[in-house]
Amino acid sequence: MRRAGELALRGLSSLGLSCVLLVLLGLLTWLGTLEQTRSGLYEVQRKYFESFVLSHDFGPVEVPLPGANLVMSVLLVNLLVGGIVRLRRGAATVGVLVAHSGIVLLLASSFVKWRHSSEGHVTLYEGQRATHFQSYQRWELAVLEVGDDGRVLERVAPQERYEHATPDAPAVLRADELPFEVRVTHVLANCSPLPKGPMFDVDVPVVDGVFLRERARDKETERNIAGAYVEVRESGATPRVGVLWGAQSAPWSFEVAGRRYALDLRKERYPLGFTLALADFRKEDHPRMNMARAFESDVEVREGAAKRPVTISMNAPLRTGGLVLYQASWGPSNARASDPLFSTFAVVRNPADSWPLWSCVVISLGLVWHFGRMLARHVRREVGLA
Amino acid sequence: MPTLPFRTGSLLTFAVLSLAVSACSDRAQPSELSAPRESSTPAAAIEQPRSSAERLGVQAPPAAAPNATNASNGAPTSGGNGALKWELPAGWSELAPTSMRVANFRVAGDERAECYLTFLAGDGGGLAANIQRWRTQMGQGPLSPQEIAALPTKPMLGGEAVLVDFAGSFSGMGGGGKIEDARLVGLLLVGPQGAAFLKMTGPASTLAGQVDAFLALAASLRN
Amino acid sequence: MSVWLRLWLALALSLLASLDASAQSVRWTPRALELAGSLPVQEGGRVKPLDTFASFTLLRLNGKRSAEDGDGRKLTPTAWLLDVLFDPEHAARTRSFLVQDAEALEAIGVQLDARRKRDRYSYRELEPGLTKLFDLAHQYDAIEAAQRSSVQSQIVALAENVLLFARLSRHEIIAVVPPPDARSEAWNTPAELRASSRALPTAQAGALDAFETAFAAAGRGAEFEAALERFHYHAVVGARLRGEYDKIPSERAYYRANLLRWSLTAFLLAFVCTALLWLAPRRKWLYATAAALCAVGAALLVAVIVWRCVLRERPPVSTLYETKLFVTATGVLIALAIEAIGRKRLALSAAVVLGAVGLFVAHGYEVLDKRDTMPALVAVLDTNFWLATHVTAITIGYAAGMLAALLASFYLLAKLLRPGRLAREQYAALSRMVYGVLCFGLIFSLVGTLLGGIWANESWGRFWGWDPKENGALLIVISQLVILHARRGGYLREHGVCMAAAFAGTIVAFSWWGVNLLGVGLHSYGFTSGIQTALWSYYGAQWSICGLGALAWLLERRRERAARAPTQFPAARRQAA
């Protein structure tokens with residue numbers, strides 16, 4: 001038993017394992033790069049880089065591969081055991097030890113980012129304000145309730161909870177305080193609403209003469225507009241069927257037990273924790289060219305009664321309350337000189353935001369120390385020979 | 001030292017477990033919604049119940065008006081849709097309008113030949129952009145500004161609309177089948193109150209005999 | 001003897017005659033060419049000398065920086081542009097359009113003279129086919145660029161070029177008149193001023209008047225010169241007042257000095273010396289000459305890079321073209337440094353090859369791309385500390401990777417072709433160099449990649465986005481890490497490290513150029529469709545070298561076994577006995 005542990009430890013800490021894992025990571029990176037000519041970045045990321053196993057289509061054959069998450073997890077162990085704990089200590093390995101610690105920090109930061117970050121955007125026209133930001137890709141189903149005081153409460157279900165629902169296996173969403181449960185019966189990843197004409201039949205429910213038609217999925221996930229059919233079931237009443245679409249102008253609203261509720265299918269929303277108002281957006285083109293040289297936005301951050309004006313520009317984001325807001329883009333792209341423009345901010349909440357910078361410093365120090373030492377020795381030897 | 005294998009083992013176990021969990025989440029079980037929080041959706045947006053068609057931006061289907069499809073066989077017949085009136089050319093038939101199509105026709109001679117009128121707010125993206133969009137639908141490259149400036153005009157809705165006439169292979173919106181040897185005849189009127197586009201597409205052989213009817217229809221449109 | 005002498009004389013005379021024809025434009029006086037060449041023009045988001053504008057425009061249309069007019073005279077870009085602007089009739093007869101493929105001409109119905117096997121045509125010659133040309137170009141334009149056939153893309157390009165030519169001759173596009181109002185950034189073309197319905201500001205009216213006078217006086221030497229002088233005065237004063245003229249003389253000097261050509265010449269001469277050095281290794285003076293020439297080439301190249309930085313007020317690497325210059329310079333300098341430490345001729349040879357090939361490729365890219373190599377940049381590439389450092393570091397990493405691949409290829413080829421010619425220690429030294437360069441490269445690749453992430457985090461809020469260019473950088477880092485760890489673990493020795501490094505060269509090439517050809521992601525900037533062939537040739541060459549390296553390894557093992565066999569045999573027999 002002791003011996004088996006020793007063997008496993010030696011295997012886990014071996015340089016051979018490091019090489020195999022690095023080659024695997026390289027292979028995944030390469031395949032994931034080439035795959036981007038076929039699928040969108042979001043899909044590729046999920047399949048190759050945030051997975052534990054995957055199956056890559058090499059044309060004639062499908063080959064199962066470990067996902068980058070698995071490879072990096074094992075690499076982290078390999079690095080901790082072999083590259084730090086079991087590394088021979090001495091002046092010769094100080095640099096290596098430091099560089100390896102930097103890599104550990106880097107892997108840790110990527111793990112924290114993967115588990116605990118949210119990303120999205122806020123898009124505002126001048127004069128508009130927002131209290132939340134929303135995901136580029138992810139959809140959520142929200143149950144809205146108008147309270148007695150006129151305020152609106154919401155309960156949400158993330159995409160994973162309902163995206164596989166079918167009429168035979170609907171996704172059931174509920175909450176103790178709600179007098180009904182919601183059954184999601186159909187989910188369409190990309191669709192558009194159409195009026196149902198008399199000349200054709202459809203295999204999805206028709207609500208108020210309207211149905212959702214499935215469309216081919218776009219390569220870029222963020223361009224798809226999702227849709228869903230839902231049933232609202234309260235005990236003792238016939239279920240009510242509603243149709244939800246990602247680009248609908250208003251949620252589907254209904255009444256249960258004298259209280260007004262609504263269901264909304266929308267991009268996942270995250271509260272900002274403050275109110276963001278866009279005061280002014282400026283864009284400057286290169287002369288005689290249709291190419292932006294710079295763009296920036298004057299915004300106001302309102303927290304309670306406190307107001308704070310900030311200018312966000314390219315390469316100069318706003319960091320506040322654990323969030324970072326970046327000037328990401330603007331539009332509409334075909335706007336004429338007099339048209340109002342909107343400004344889009346990418347918003348990221350990432351607890352490991354500054355870790356890569358530290359790991360970069362640590363790694364640089366380690367590498368420069370280690371290789372500098374080697375170079376000095378080499379030069380001394382060569383010069384000594386000559 | 002002896003604790004290390006355990007720690008690595010637990011990490012691996014974690015990896016395998018999370019894999020298993022992600023692979024077989026049980027859908028039959030009801031899942032709890034998140035705890036309530038204050039919404040950024042205003043109460044006004046949900047207080048008024050609205051029909052699905054209205055919420056989804058789709059013109060209500062003609063369920064209430066079963067004979068919305070009225071075909072004309074002989075001479076032009078008068079037709080209309082709300083405020084809009086027109087003379088339906090011989091052999092053409094009216095189709096139910098949609099959210100985009102204020103007036104919607106089937107052109108005589110071929111199922112695939114259609115003609116419709118759309119209104120867009122503002123300048124609808126501009127004359128040139130719409131012409132280029134239609135060029136693209138016909139599989140053609142864009143016209144130069146000079147070429148656009150040289151296009152002829154025809155009367156429509158009290159203005160002078162720009163007439164375009166392209167041949168090519170048509171692949172329109174909605175992916176409703178591609179017409180190889182197709183033709184597109186269109187009138188674009190971009191004015192201060194908005195933009196109106198009357199567009200006829202279909203097989204070139206069918207449309208060849210329908211251009212005059214199309215122009216007559218355009219001239220007959222009135223508010 | 002007299003025959004040789006006469007031949008020499010004839011050759012010299014003809015050379016002189018050709019020089020004369022190329023240097024002199026009979027139609028425009030030297031003074032006029034000088035005035036025109038130093039005019040400031042606003043194009044591509046910056047103000048540049050008309051010389052530069054003319055040179056890249058002609059390169060774009062004609063595939064080279066000269067054109068032959070109707071009378072068989074060779075025109076410089078500026079003389080050609082003067083024709084287009086002031087004597088369109090003459091310009092229409094100048095062969096200004098490169099048509100690679102006769103099929104394209106047939107497609108637009110231009111009659112070919114079977115005897116004339118030219119690939120350059122004048123506007124007049126193309127004129128009968130223009131309607132058809134534009135018709136086809138519209139059709140093909142609807143096809144995505146990557147899906148077009150060669151003839152289709154040529155037709156689209158030709159149509160664009162003809163349109164550009166026509167618009168230039170109508171005095172559009174060429175924004176040579178600075179606005180007097182400091183708030184307005186856009187310069188004006190003569191055509192715009194002419195069409196303006198409002199009264200022009202005095203300065204612009206004066207400039208336009210001078211331009212029109214020059215146009216009317218085209219062909220009448222002194223009179224034209226005087227008018228052009230007046231226009232030049234307006235334009236230059238206007239530009240100076242706006243503070244946009246400062247860099248014009250320096251940029252002209254940059255292109256006139258043509259330091260890159262001198263640098264290439266130095267590398268080529270050094271290459272010859274190095275080749276001789278391998279034949280006669282004991283000649284000290286040959287070594288010194290080769291090293292000096294290589295150093296001169298490197299110094300000139302560095303001067304070019306610095307000059308460009310000063311001209312554009314930007315860090316050394318901001319475009320794909322500049323990566324070529326920078327990689328070449330860095331690679332050569334690293335190799336020279338190694339040579340300075342070891343003095344084994346090997347690194348010097350690598351420096352020379354890298355310098356010559358790198359500059360050839362850079363020149364080839366400039367001709368293929370046909371666009372100003374100092375363009376305006378999109379907003380996100382606006383100068384920024386992290387941007388500058390990460391691009392520079394990664395590019396140094398590329399240089400190290402390429403140099404390591406080159407040294408490794410030397411090793412493998414030497415093993416295969418000339419076994420025994422190099423001493424055992426020389427192989428070991430070469431392999432150590434490869435290793436050393438890889439270590440050096442790893443620092444820059446790794447730190448550069450991280451800095452890139454930090455920049456992305458500062459600019460867009462994500463450290464790592466699995467974008468193709470980021471992945472490419474990561475692949476380089478991983479390849480170098482694998483080699484170093486495999487060497488440490490004893491999985492790769494001398495030969496193995498060299499084979500892996502030769503292969504890793506293709507990973508560098510993939511990251512540097514290959515990912516841009518994929519046409520996806522944030523970094524797919526730059527014109528790259530013509531690069532495909534070059535890239536695949538490099539892949540092919542490196543992979544074959546790896547294959548040959550494997551062959552050399554097998555052969556070596558067989559030789560070693562054969563050498564060991566006789567000594568082992570008796571021992572075995574004795575044991576059996």
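Not measured: the values here are computed from a predicted model. A, B, ... follow the sequence lines: proteins, then strands. Residue 1 opens every chain. Hydrogens, waters and symmetry mates play no part in the numbers below; they use all other heavy atoms, side chains included.
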Worksheet item: How are the rings of A:W330 and A:F295 set relative to one another: parallel (under 30°), tilted (30 to 60°) or perpendicular (over 60°)?
Response: perpendicular
Practice prompt. Output the distance between atom CG (C:N516) and atom CZ (C:F510), rounded to the nearest 0.5 Å.
Written response: 10.0 Å
Item to complete: May I ask you to name which of A:L325, A:V348, A:T29 has the most heavy-atom pairs under 4.5 Å with chain C?
Response: A:T29
Worksheet entry | Option in A:V23, A:L34, A:L367 with maximal non-hydrogen atom pairs under 4.5 Å from chain C | A:L367
Worksheet item: By side-chain contact (heavy atoms from CB on, under 4.5 Å), which residues pair with A:S14, not counting sequence neighbours?
Response: A:L17
Worksheet item: For C:R432, is it the side chain, the backbone, both or neither that has a heavy atom under 4.5 Å from a heavy atom of chain A?
Response: side chain
Worksheet item: Does any heavy atom of chain A fall under 4.5 Å from the side chain of C:I443, the backbone, both, or neither of them?
Response: both
Discussion item. Between A:L41 and chain C, with a heavy-atom cut-off of 4.5 Å, which part of the residue counts as in contact: side chain, backbone, both or neither?
Written reply: side chain
Worksheet, complete the sentence: When the 4.5 angstrom heavy-atom criterion is applied to C:L481 and chain A, the contacting part is both
Fill in: Side chain / backbone / both / neither for C:S511 at chain A, heavy atoms under 4.5 Å
neither
Discussion item. Show, in sequence, the C-alpha distance, side-chain angles and deciding distance for C:E425 and C:K344, and conclude whether the salt bridge (charged side-chain N to carboxylate O under 4.0 Å, His left out) test is met.
Written reply: CA-CA 11 Å; C:E425 305 81 68; C:K344 291 195 172 66; over 6 Å; no
Fill in: Closest heavy-atom pair and its distance - C:A191, C:E172
CB-CG, 3.8 Å
Worksheet item: Where on C:F440 is there a heavy atom nearer than 4.5 Å to chain A: the side chain, the backbone, both, or neither?
Response: neither
Item to complete: In sequence, state the C-alpha distance, the side-chain angles, and the governing distance for A:Y326 and C:R462, and then conclude on side-chain contact (heavy atoms from CB on, under 4.5 Å).
Response: CA-CA 10 Å; A:Y326 304 83; C:R462 96 262 187 296; over 6 Å; no
Item to complete: Answer yes when C:K48 and C:E43 have at least one side-chain N-carboxylate O distance shorter than 4.0 Å, and no when they do not.
Response: yes
Fill in: Structural part of C:I483 lying under 4.5 Å from a heavy atom of chain A
neither
Fill in: Residue pair A:E35, A:R38: steps toward the salt bridge (charged side-chain N to carboxylate O under 4.0 Å, His left out) verdict
CA-CA 5 Å; A:E35 187 69 15; A:R38 282 190 282 170; 3.0 Å; yes
Discussion item. Quick check on the interface: out of C:V47, C:V447, C:N457, who has the most heavy-atom pairs with chain A under 4.5 Å?
Written reply: C:N457
Practice prompt. Let me know if A:V379 has heavy atoms under 4.5 Å from chain C in its side chain, its backbone, both or neither.
Written response: both
Worksheet item: Which bit of C:L492 is near chain A, if near means a heavy-atom gap under 4.5 Å: side chain, backbone, both or neither?
Response: neither
Worksheet item: Which pairs with one or both residues in residues 13-31 of chain A pass salt bridge (Lys or Arg N to Asp or Glu O under 4.0 Å), sequence neighbours excluded?
Response: none
Worksheet, complete the sentence: Whatever's closer than 4.5 Å to a heavy atom in chain C on A:A346 counts as side chain
Discussion item. Please output the residues of residues 353-362 of chain A in contact with chain C, using a heavy-atom cutoff of under 4.5 Å, in numerical order.
Written reply: A:D353, A:P356, A:L357, A:C360
Practice prompt. Might you point out which heavy atoms bring C:Q480 and C:S445 nearest each other, and give the distance in Å?
Written response: OE1-OG, 3.2 Å
Worksheet item: Given that the side chain runs from C-beta out, which part of A:L106 has a heavy atom under 4.5 Å from chain C: side chain, backbone, both or neither?
Response: side chain
Practice prompt. Indicate the atoms forming the closest heavy-atom contact of C:A186 with C:P179, along with that distance.
Written response: O-CG, 3.3 Å
Worksheet item: chain A heavy atoms under 4.5 Å from C:Y435: which part of the residue, side chain, backbone, both or neither?
Response: side chain
Worksheet entry | CZ (C:R488) with more than 12 external heavy atoms under 6.0 Å | no
Worksheet, complete the sentence: Cut-off 4.5 Å, heavy atoms of chain A, and the answer for C:W386 is side chain
Worksheet item: Which residues pass the salt bridge (charged side-chain N to carboxylate O under 4.0 Å, His left out) test with A:E222, sequence neighbours left out?
Response: none
Worksheet item: Can you tell me if CZ on C:R493 sees more than 12 non-hydrogen neighbours from other groups inside 6.0 Å?
Response: no
Fill in: Contact leader toward chain A among C:G453, C:G436, C:G465, C:A429, where contacts are heavy-atom pairs under 4.5 Å
C:G465
